[in-house]
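Worksheet: one structure, shown below.
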Number of protein chains: 2
Amino acid sequence: MSRPTIAAVARAAGVSVASVSRVLNGLPATGEMTERVRRAVQELGYVPDARARSLKVGRTFQLTLAVADVGNPVYVTMMRAVEEVVSAAGYRLVVTTTGRDVVDEVALVRGMARGYADGLVISPLRVDDDLIKSIRECEVPVVVAGNVPARAGVDTVRANSPKGIRLAVDHLVARGRRRIAFLNGPADTVPGTARAKGFADALKAHDLHPAATAEAADFTFPAGRAAAPRLPAAGKLDAVICANDLLAVGVMHELAANGLRVPEDVAVVGMDDSELAEQSFPPLTSVNLGSAERGRRAAELLLARIEDSTRTPRRIVVQPSLSVRRSTP
Amino acid sequence: MSRPTIAAVARAAGVSVASVSRVLNGLPATGEMTERVRRAVQELGYVPDARARSLKVGRTFQLTLAVADVGNPVYVTMMRAVEEVVSAAGYRLVVTTTGRDVVDEVALVRGMARGYADGLVISPLRVDDDLIKSIRECEVPVVVAGNVPARAGVDTVRANSPKGIRLAVDHLVARGRRRIAFLNGPADTVPGTARAKGFADALKAHDLHPAATAEAADFTFPAGRAAAPRLPAAGKLDAVICANDLLAVGVMHELAANGLRVPEDVAVVGMDDSELAEQSFPPLTSVNLGSAERGRRAAELLLARIEDSTRTPRRIVVQPSLSVRRSTP
DNA sequence: GTCTGACCTGTAAACGATTACAAGAACGAT
DNA sequence: ATCGTTCTTGTAATCGTTTACAGGTCAGAC
């Protein structure tokens, strides 16, 4: 005995399928009609088929979120925010991880044409012309959580990481640190390049030279540990800014292993202000790039564009703030 | 100009829609036919519509993963493992958070009848008869990642947390600790009850009495901090086992705030062996309950059952191990 | 009493694929 | 040359909804 269809309900209620559909979708009907349909639905345990419905109405009520790595706490934060907005609007969330390669991202965007979701929030680590082209041509609305050129003509929500780094540098300088190093993630990523430039500019504004800059293999904790020895010895630096919290925690571990105290010997600042910043020891001063807000607003932009595909693309920049904790003096 | 349909391709190639469909699905066709269809597809940029396809074939090639909280690192690990297996098999992953309430879970399972996914992996925090009933009656295959009674007649993958706690206790006792406390999560959850009993039994096996037991409001970091003061003073205990890593890290913070050293004054053991255990300071000795493996095997069970719905339900138990780090002597 | 309009309801045509079935072509065996 | 078999292709039904359109009922206005 398979699932009852709308036709079975119509038969049981002695009405037409159209009427059943109308009652179920809240279109006007007489009280008696409504009552009969309700009863039949109840009796048969009828549940409308989402597949058939989405074929007909051309919508699946699903949205896709594509991130590089679900393990990164910053994406967890974004994902939670997106999920909240999206599910409140009656959509389900499809999560895909794109991996490191840009061609995977392009394939993903192109694949949206299959219509398994009504929109896409993508947070690309690396961006090239192919990706931008695929986003422009995408069959469904796309919102980019990250930095793409305005010519892409797409809704974006991004952080202002240079300004965020500026906050971190200002803070460190105010506390008397002058020999400041920067541990970046891969410089060929979008956040990587932005942060490198942001750091250079921020130091220049204070007439300082970088104590050092280094680059981790990716934005993970082990990469942070591995890269830490490439920073100069403690005498040569009194503060390290890291391109995200995972790297920062990796560095702190390495510092501790070398008998250095945080913040007395070396101050450490992370970025993202993820839950990890709060949980690390000492708690990590971190640049809050508004990941939850970015997720929320990206989801809202996407919903708005689904409602009205003609609106001009918006480019939202979420302002950073600094969460000062005990890893800085 | 809307998306081309299979009919447009057929027209362009001068063949029937059936032939196009067959070529696209790799059914036998002559070289010439294959070539003409390929060319037309290429030219029009045709991409088959997933909605129509899933209506006809009765499958969406989507699977749902339902967890209580995407922010918990243990679910992140599981999710990553599930995603990997599932996407390798050509499925997409739909992630939903169920929240704390059991009725949400029941509604979710019932809602699977809409057919928006071909299967469900659910990791319920709280289980009642309604939930079991809804799982039994679910239209699509369900795998439970967690502990439900055998009478549910459903594939399950679960951890052996009592045995895991036993490992932790053995370890602590071997290192000379005798006054061992337990910080549990909510005792009305499935993992909560299992862990409480596991702790009691493990101590009994060593002829020890619990130094104390306390219960946190949920399985989060702030709850761990908040609950720590409810444990007895340091003189009365020399080790704390916590029901997960987040609680353990919360406790360590609180201990540090009171000037106590880990592990010298108090040893701390977590559970889940999540990435956080490695990242915390000092690195946390943690019971590895095999969350990645549980995720992987749950996904595999689900795929197997989709292939063959008649197979008898399996109940897999993943064996725990202890990852010893510096939070214990 | 008739006519107009409003309002429900039912019939049937979509939506875009897959696939059962039938028809036609090709080929080998007799 | 005829027949039967196999292989390829096309026609049309189908999946389960939604919805345009038409038909029917009923009330109100003249």
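So that the names make sense, note that chain A is the first sequence line, chain B the second, and so on, each numbered from 1.
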Rounded to whole Å, CE of A/Met33 lies from P of C/dC7 at a distance of 17 Å
With a 4.0 Å cut-off, would you call B/Arg39 and B/Glu43 a salt bridge?
-> no
Return the nearest nucleotide to the side chain of A/Val57; candidates are D/dT18, C/dA17, D/dT11.
-> D/dT18
Which of these, B/Leu65, B/Thr96, B/Thr97, sits in a side-chain contact (heavy atoms from CB on, under 4.5 Å) with B/Val70?
-> B/Thr97
Please give, in whole Å, the distance from D/dT18 P to A/Arg22 CZ?
-> 11 Å
B/Thr30 side chain N/O closer than 4.0 Å to the phosphate oxygens (OP1, OP2) of D/dC7?
-> no
Take atom CD of B/Glu32 and atom C1' of C/dA26, then tell me their distance rounded to the nearest Å.
-> 16 Å
Would you say B/Ser19 reaches D/dT9's phosphate, i.e. side-chain N/O to OP1/OP2 under 4.0 Å?
-> no
A/Leu27 has an atom CG; how far is it from atom P of C/dT9, in whole Å?
-> 12 Å
Under 3.5 Å, is there a donor-acceptor pair between the B/Arg53 and A/Tyr116 side chains?
-> no
Grab the CG-P distance between B/Leu55 and C/dT18 for me, whole Å please.
-> 11 Å
May I have the distance from B/Arg11 (atom CZ) to D/dT9 (atom P), rounded to whole angstrom?
-> 20 Å
Under a 4.0 Å N-O cut-off, is there an ion pair linking A/Arg296 with A/Glu300?
-> yes
For A/Ala29, answer base if it contacts any base atom (sugar-phosphate contacts may also be present), sugar-phosphate if it contacts only those atoms, and nothing otherwise; contact means non-hydrogen atoms under 4.0 Å.
-> sugar-phosphate
Between C/dT19 atom P and B/Asn25 atom CG, what is the distance in whole Å?
-> 7 Å
Are A/Arg53 and D/dG16 close enough that a side-chain N or O sits under 4.0 Å from OP1 or OP2?
-> no
State whether A/Ser21 places a side-chain N or O below 4.0 Å from either non-bridging phosphate oxygen (OP1 or OP2) of D/dT19.
-> no
5' precedence on DNA chain D between B/Ala52 and B/Pro28 (nearest-nucleotide basis) = B/Pro28
Below 4.0 angstrom, N of the basic side chain to O of the carboxylate: do B/Asp129 and B/Arg151 qualify?
-> yes
So, is A/Ser16 close to the C/dT9 phosphate, meaning a side-chain N or O under 4.0 Å from OP1 or OP2?
-> no
Look at all strands and tell whether A/Thr5 reaches a base, only sugar-phosphate, or nothing, counting heavy atoms closer than 4.0 Å.
-> sugar-phosphate
Just how far, in rounded Å, is P of C/dT18 from CZ of B/Phe61?
-> 11 Å
When all nucleic acid strands are considered with a 4.0 Å heavy-atom cut-off, which category describes A/Arg51: base, sugar-phosphate, or nothing?
-> nothing
